[in-house]
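Below is one structure; the comments refer to it alone.
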There are 2 protein chains.
Amino acid sequence: MSNIREVARRSGVSVATVSRALKDPQMVSPRTRERVLKAVEEAGYRPNQLARNFSSGKSFAVMVLVPNIANPFFSKVIRGIEKAAQDQGYSVLLGDTKGDTAHEQFYAGMALTNQADGLIQLGGCYPFAEKDAALAASVPMVNACERIAEDDRYPVVELDNSGAAQALARHLIGLGHRRIGVITGPMKSPIVRDRLAGFEEEMQRHGLTLNTELVVNGEFTMPSGAEGAQKLLSSISAPTAIFCMNDEMAIGAIHQAKKMGLQIPTDVSVAGFDNIEFSQFTDPPLTTVDQPAEALGRYAMETLRQIIDGKPMKSSRTILPFDLVVRGSTDRYQD
Amino acid sequence: MSNIREVARRSGVSVATVSRALKDPQMVSPRTRERVLKAVEEAGYRPNQLARNFSSGKSFAVMVLVPNIANPFFSKVIRGIEKAAQDQGYSVLLGDTKGDTAHEQFYAGMALTNQADGLIQLGGCYPFAEKDAALAASVPMVNACERIAEDDRYPVVELDNSGAAQALARHLIGLGHRRIGVITGPMKSPIVRDRLAGFEEEMQRHGLTLNTELVVNGEFTMPSGAEGAQKLLSSISAPTAIFCMNDEMAIGAIHQAKKMGLQIPTDVSVAGFDNIEFSQFTDPPLTTVDQPAEALGRYAMETLRQIIDGKPMKSSRTILPFDLVVRGSTDRYQD
DNA sequence: CTGAAAGCGCTAACAG
DNA sequence: CTGTTAGCGCTTTCAG
C-alpha cells in the first residue's frame, strides 16, 4: 500500500501539498496539481481513510441498532438510512440486537470508543449500560420507529401511531365490526401503547369498548401472531375482526384462522401494520397501515448528521404520515 | 473525551504502562494495574478504538455486499456473519447494492481505503471497478451464497445448488409430474445455472425433458414470480408443477395461480428455494429447499478472517448441505 | 502557493 | 516490570 509520502516523493512536492491537491484542489497551482495527480495514478495511491478519520477524530460511521434485521420493515428503514448515510459520506455499521440487552450495550458501546460518531436506535430501549450513562450522554443518538420510554433527551422520528390505529379502528367499525380483537406487540414499547390507546379511543368515540379479553400480547413475529389468533378465535366471544400490530403477526393470524377452518374476511377480518411487501401477497391481501419506512430511515440519518455536526441534541418529534391501505383481508361484518 | 495520557498522568505512570495494563494485564505489577484501573475509572476513560485501529493498520471491520437486504434469506446470512464477526472482534459494514454496479464499486472501494479489512460478497459479480483491479487483487474477499462467474480467485461458501435442484426435481417427478415449469433467477448468475442444470439433469435421468418454453426468467422478487407464473400457466401446455428458484418468486407464483382460479396443489404444485420464514405461512405452506443461511454467513466470515490473518487467498469451495422441506404446496399430479 | 513540523491516541520496540 | 521514543498516514497550523 503506497502512502502519501510516496506520492510526495514521486511528484517532488511535500506531503502537505499532496494532501491539499487531493482535498482542496484549488489550493494548489494547476501545474502542481497535475503532477500530483499523475504521481497518484502511477503509485496506485488511495488515501488511507482510516488515517484521515483518525486525524480528524471522527469515524464517519454510524451505528444502527436494529431489533430484528429479518423483519422486512426494518430492512426498508435501513435502506433509507444507508442511502442518506452514503450521500453524507458516512458508512453504516450494523448491529442486530435481537432485542437483547447485552447485544445493545455491546453495539452502543462502539460509539463510546470512537468507532461510530453516532447511533440510530430502531428499538425502544436505552441502549447503553447504566454505568456508561455519563459518557453516553454526549453521544449523538436519534430514535426512529420506536421511542425510548421515559426518556426525552433524544430526537425521535416516528409515525403517527395513534392516528394510524384510529384510522384502522374507524375502518373496521365502518365495516360493521363491533367485537374487535387486538394482537399487540410487547407492552413495554411506547409505540405499542400509542397504537393501543389510539385504537381504544376511536372505539370509544363510537360508543364501543375494547374488551380487555380481546387484547392479547404478541411479539411482532408470525408464530406469536398465530398464537394470539388461536387464543382470540377459540374464545367464546370470538372477535369478528383482529387488528395485529404488525404485518408478520397478521400473517400468522391469517394462517391460524384458516387452520381453524375460518374464512377471511368472511368469518373474520384481519388487519396488519407496516405494509411490508409480503402483505400484498397474502391470501387474501392484507389490509394494513403503510409506514414510509425509507423516509423514516432517511430522516433519522439526516437528523443524526445534524447533531454530529454540532446541533444540540434535544428532545424533538418528527411525525411522518401514514397511509391506510385497504385490501381484501377486511370486509363488512355479516351477522 | 479523556485519553491515555490523562490516565497516565492520574495514575503516575507512563502511557505505555497504561496501554499494557489494559491490553496485557499480566505484564504489569498488580499494584500498578490497580492504580491504572482506578485512574481509568475516575477519568471515565475508554480507549479510542479508532486510534488503536489506525495504529495497527487495520480497521477490524468487514464490508458485506448484499444484493437486497429486504430479502429475508440474506438477512439470515447477515445474522450469521455478524455473529461470527462479533466473536472475532470485527464489526460489520453494510453495503446494500441493490444489484447495482455503481453501488458495488462504491462499497467495495472502501476496502481499498482501509475502511474495511475484507469483503464478503453475497452477490455474483466482481465488485471492484476494472481500474481498481490491480489494487483489489490483494484485498481479502470471500464469496458466499453466490459465486462470481469465471473468477476462481476467491473462496466460495455455497450450497449444493445442483444437488438441491435435483432433489426437488426428484420430489416432483416422484409425485407424478411430467410437465414441470421453472421460474429462474437472473441467468447470468452461476448458481441459477447450477440449479437449472441440476434440475434438468434429474429430469433427463427419468427420461423427461425440460421444455424450454416452460423455463421463464425471474428476478428473485415476488412480482417477477407472479409474472412468470402468469406466463407459464396461461400457455397451452401449462405445467402441472412449477419450481421457483427462490421463495419470494414462489409466493408470487402462488398468488398469481390463485388469481387465475387455480388451486394449489390440486391444479398446480409450486416449490420454492431458501426456506425463508414466510414460506411456512403461505397458503398452502411452501415446499422448499432449506439453506443453512446463518451457517453460510458464519462460515464466510470465518474464512474471510483466516485470509485477513494471512492465509493465502485462493480458490476453494465449501459446500453446505441443503434440506428438502416438503410442505403442502406440492402434491401428486392427478390426471 | 508551498514546505516544515506538530500532533491526532495508541502501540511496540528498545532500554533500563 | 516500567519508561522513553519512534512511528502509523494524514491534516493543519505557521512560516515563508
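Letters go in sequence order (proteins before strands), and every chain restarts at 1.
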Atom pair distance, as rounded to whole Å: [atom1] in [X] and [atom2] in [N]:
| X | N | atom1 | atom2 | value |
| --- | --- | --- | --- | --- |
| B/Arg9 | D/dT2 | CZ | P | 20 Å |
| B/Gln49 | C/dC10 | CD | P | 10 Å |
| A/Asn114 | C/dC10 | CG | P | 8 Å |
| B/Lys58 | C/dC10 | NZ | C1' | 16 Å |
| B/Phe60 | C/dT11 | CZ | C1' | 12 Å |
| A/Phe54 | D/dC10 | CZ | C1' | 9 Å |
| A/Asp117 | C/dC8 | CG | P | 18 Å |
| A/Leu50 | C/dT11 | CG | P | 14 Å |

For nucleotides 12-16 of chain C, list the nitrogen or oxygen atoms of the protein found under 3.5 Å from its nitrogen or oxygen atoms, one pair per line.
none

Exercise for review: Would you kindly compare A/Thr17 and A/Arg5 by the position of their nearest DNA chain D nucleotide and give the one closer to the 5′ end?
Suggested key: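 This one resolves to A/Arg5.
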Review point. How many angstroms lie between atom CG of A/Leu119 and atom CG of A/Leu65, to the nearest 0.5 angstrom?
Key: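 Answer rounded to 0.5 Å: 4.5 Å.
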Practice item. Answer yes if the side chains of A/Tyr90 and A/Glu82 hold a donor-acceptor pair under 3.5 Å, and no otherwise. Key: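 No pair is found: no donor N or O on one side chain lies under 3.5 Å from an acceptor on the other.
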**Study point:** Donor on one side chain, acceptor on other, A/Ser59 and A/Asp117, under 3.5 Å
**Key:**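 Distance-only check passes for A/Ser59 and A/Asp117.
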Please determine if [X] and [Y] form a salt bridge, counting it only when a charged side-chain N lies under 4.0 Å from a carboxylate O.
| X | Y | answer |
| --- | --- | --- |
| A/Lys76 | A/Asp274 | no |
| A/Asp96 | B/Lys83 | no |
| B/Glu6 | B/Arg9 | yes |
| B/Glu41 | B/Lys38 | no |
| B/Arg153 | B/Asp151 | yes |

Review point. Does the A/Arg298 side chain pair with the main chain of A/Gly80, one donor and one acceptor, at a distance under 3.5 Å?
Key: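 Here the side-chain-to-backbone pair does not exist.
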Point to revise | Donor-acceptor under 3.5 Å (A/Glu219 side chain, A/Thr221 main chain) | key: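 It does not hold such a pair.
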**Study point:** Closest to side chain of A/Ala51, choosing from C/dG9, C/dG3, D/dC10
**Key:**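 The listed nucleotide nearest to A/Ala51's side chain is D/dC10.
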Practice item. Report the nucleotide, chosen from C/dA4, C/dG9, D/dG3, that has the shortest atom-to-atom distance to any side-chain atom of A/Ser14. Key: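 When the side chain of A/Ser14 is considered, C/dA4 is the closest of C/dA4, C/dG9, D/dG3.
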Review point. Heavy-atom distance under 4.5 Å between the side chains of A/Glu158 and A/Thr318, does that happen here?
Key: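 In short, these two side chains do not touch, never coming nearer than 4.5 Å.
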Check your understanding: Taking five pairs at each end, how big is the angle between the two axes of the helix from C/dC1-D/dG16 to C/dG16-D/dC1, to 10°?
Key ->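 Its terminal axes enclose an angle near 40°.
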**Study point:** Residue pair A/Phe54 / B/Ala51: nearest heavy atoms and the distance that separates them
**Key:**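 Distance-wise, the nearest heavy atoms are CE1-CB, 3.4 Å.
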Check your understanding: Which ones in residues 30-48 of chain A lie close to DNA chain C, meaning a heavy atom under 4.0 Å from one of its atoms?
Key ->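 Contacting residues: A/Thr32.
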Check your understanding: With a non-hydrogen cut-off below 4.0 angstrom, is B/Val18 in contact with a base, only sugar-phosphate, or nothing?
Key ->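 Here B/Val18 touches no strand at all.
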